[in-house]
Amino acid sequence: MKIATFNINGVKARIEALLSWLDEARPDVVLLQEIKSTDETFPRELIEDKGYRVETHGQKGFNGVAILSRLPLEDVVRRLPGDEADEQSRWIEATVIGDRAVRVCGLYLPNGNPAPGPKYDYKLAWMARMERRVIELLATEEPLVFAGDYNVIPQAEDAAKPEAWTEDALFRPETRAAFRRLLNLGLTEAFRARVQGPGHYSFWDYQAQAWPRNNGIRIDHLLLSPQAADLMTDVQIDRDVRAGEKPSDHVPVWIELAA
DNA sequence: ATGGTCGATGGTCGA
């Protein structure tokens with residue numbers, strides 16, 4: 001079971017790039033972020049024509065997440081529990097029925113800039129809510145995959161120029177500590193379980209020629225429960241997608257599970 | 001040091 005996360009940065013503007021990547025990468029499951037689309041305006045038919053089920057949790061203008069799956073989906077949950085007043089569409093869950101049942105959670109964690117400030121407070125509160133949901137799901141002892149745009153640079157080696165990020169919401173100590181708390185619950189960060197060292201990025205800004213200069217950061221992650229980590233056979237960043245026609249500023253990251 | 005690029009929107013804002 002190949003499971004990918006991809007911040008698409010506007011699914012309507014990116015539909016051709018998305019369809020091409022689906023043909024090339026042939027993922028079984030895709031967790032999309034920043035669809036910037038409502039459920040009604042999501043271009044679902046073009047994706048369904050390729051054999052994918054489509055579950056969306058959209059919002060007008062900003063945010064929005066979705067799950068695409070070639071395998072059956074059950075028990076879709078569309079919001080992160082813990083704050084009924086939160087109107088932002090940043091979380092979607094479903095159980096994928098493959099050889100094994102795998103619970104996938106697609107997340108678009110708040111950016112949090114400028115920090116400090118109310119947006120940063122929202123980010124940290126959202127991470128605390130996510131921690132509570134992870135604890136709930138870990139109790140099921142099922143294979144779990146938490147994949148998405150975390151807006152977290154976990155370590156200095158995950159940025160080409162870490163010194164430029166010291167005051168940023170993506171790299172501040174409180175952000176990284178909250179991310180470590182997730183790992184300390186017993187989750188495995190898929191990429192770092194397999195690949196060590198600097199120079200691996202998943203996002204390059206559109207500005208200041210960040211891509212040709214390889215001025216990137218690694219902020220798109222897949223966190224695995226112990227039962228999912230035991231099934232992982234591969235993990236990759238589809239870096240070449242950033243060089244394509246009209247690309248997102250993020251690229252897909254994926255895992256293969258023996259499930 | 002400064003300014004730079006996108007997408008959705010239609011009013012600038014979020015990243």
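In what follows, every heavy atom counts, from backbone to side chain, and hydrogens, waters and symmetry copies are set aside.
Distances from the side chain of R14(A) to the nucleotides dA15(B), dA8(B), dG7(B) place dG7(B) closest. In this structure, of dT9(B), dG7(B), dA15(B), it is dT9(B) that holds the atom nearest to the side chain of K60(A). You'll find that the side chain of R90(A) is closest to dA15(B), out of dA15(B), dG14(B), dC6(B). Here dA8(B) is the nucleotide among dA8(B), dG7(B), dA15(B) with the atom lying nearest to any side-chain atom of K12(A).
Both F203(A) and Q207(A) lie close to DNA chain B; mapped to their nearest nucleotides by heavy-atom distance, the more 5′-ward contact belongs to Q207(A). Residues D149(A) and A208(A) each lie close to DNA chain B; by heavy-atom proximity, the contact nearer the 5' end of the strand is made by A208(A).
Distance NZ (K36(A)) to P (dG7(B)): 8 Å, rounded to an integer number of Å. Rounded to whole Å, the distance from CG on N113(A) to P on dC13(B) is 17 Å. Rounded to an integer number of Å, the gap from NE2 of H250(A) to P of dG14(B) is 17 Å. Atom CD in E245(A) sits roughly 15 Å away from atom C1' in dC6(B) (whole-Å rounding). Here dA15(B) presents its P atom at 8 Å from CZ of F62(A), a figure rounded to the nearest Å. For I35(A) and dT9(B), the CD1 to P distance is 12 Å, given to the nearest whole Å. For the pair D249(A) CG and dG4(B) C1', the computed distance is 14 Å after rounding to whole Å. Rounded to whole Å, atom C1' of dA15(B) lies 10 Å from atom CG of L170(A).
Residue contacts shown for Y108(A) are limited to sugar-phosphate atoms, with no base heavy atom under 4.0 Å away. Across all strands, R213(A) comes closer than 4.0 Å to no nucleic acid atom at all (heavy-atom distances).
Looking at D23(A), its side chain never comes within 3.5 Å of a backbone N or O of S20(A) through a donor-acceptor pair.
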Using the rule given for side chain to side chain donor-acceptor pair (under 3.5 Å), can you reason through N63(A) versus Q88(A), listing the C-alpha separation, both sets of side-chain angles and the distance that settles it, and then say yes or no? CA-CA 7 Å; N63(A) 304 327; Q88(A) 300 194 32; 3.2 Å; yes
In sequence, state the C-alpha distance, the side-chain angles, and the governing distance for Y108(A) and S89(A), and then conclude on side chain to side chain donor-acceptor pair (under 3.5 Å). CA-CA 8 Å; Y108(A) 176 45; S89(A) 297; over 6 Å; no
Assess whether side chain to side chain donor-acceptor pair (under 3.5 Å) is satisfied between Q33(A) and T5(A), documenting all intermediate values. CA-CA 8 Å; Q33(A) 304 88 39; T5(A) 175; 3.0 Å; yes
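Between the C1' atoms of dG4(B) and dA15(B), the separation comes to 14 Å (whole Å). When the P atom is compared between dG10(B) and dC6(B), the two are found 22 Å apart, to the nearest whole Å. To the nearest whole angstrom, the two C1' atoms, one in dT9(B) and one in dG14(B), are 12 Å apart.
For dG14(B), the OP1/OP2 oxygens have a side-chain nitrogen or oxygen of K119(A) closer than 4.0 Å.
Under a cutoff of 6.0 Å and an axis angle of 45°, R218(A) and Y201(A) do not form a cation-pi pair.
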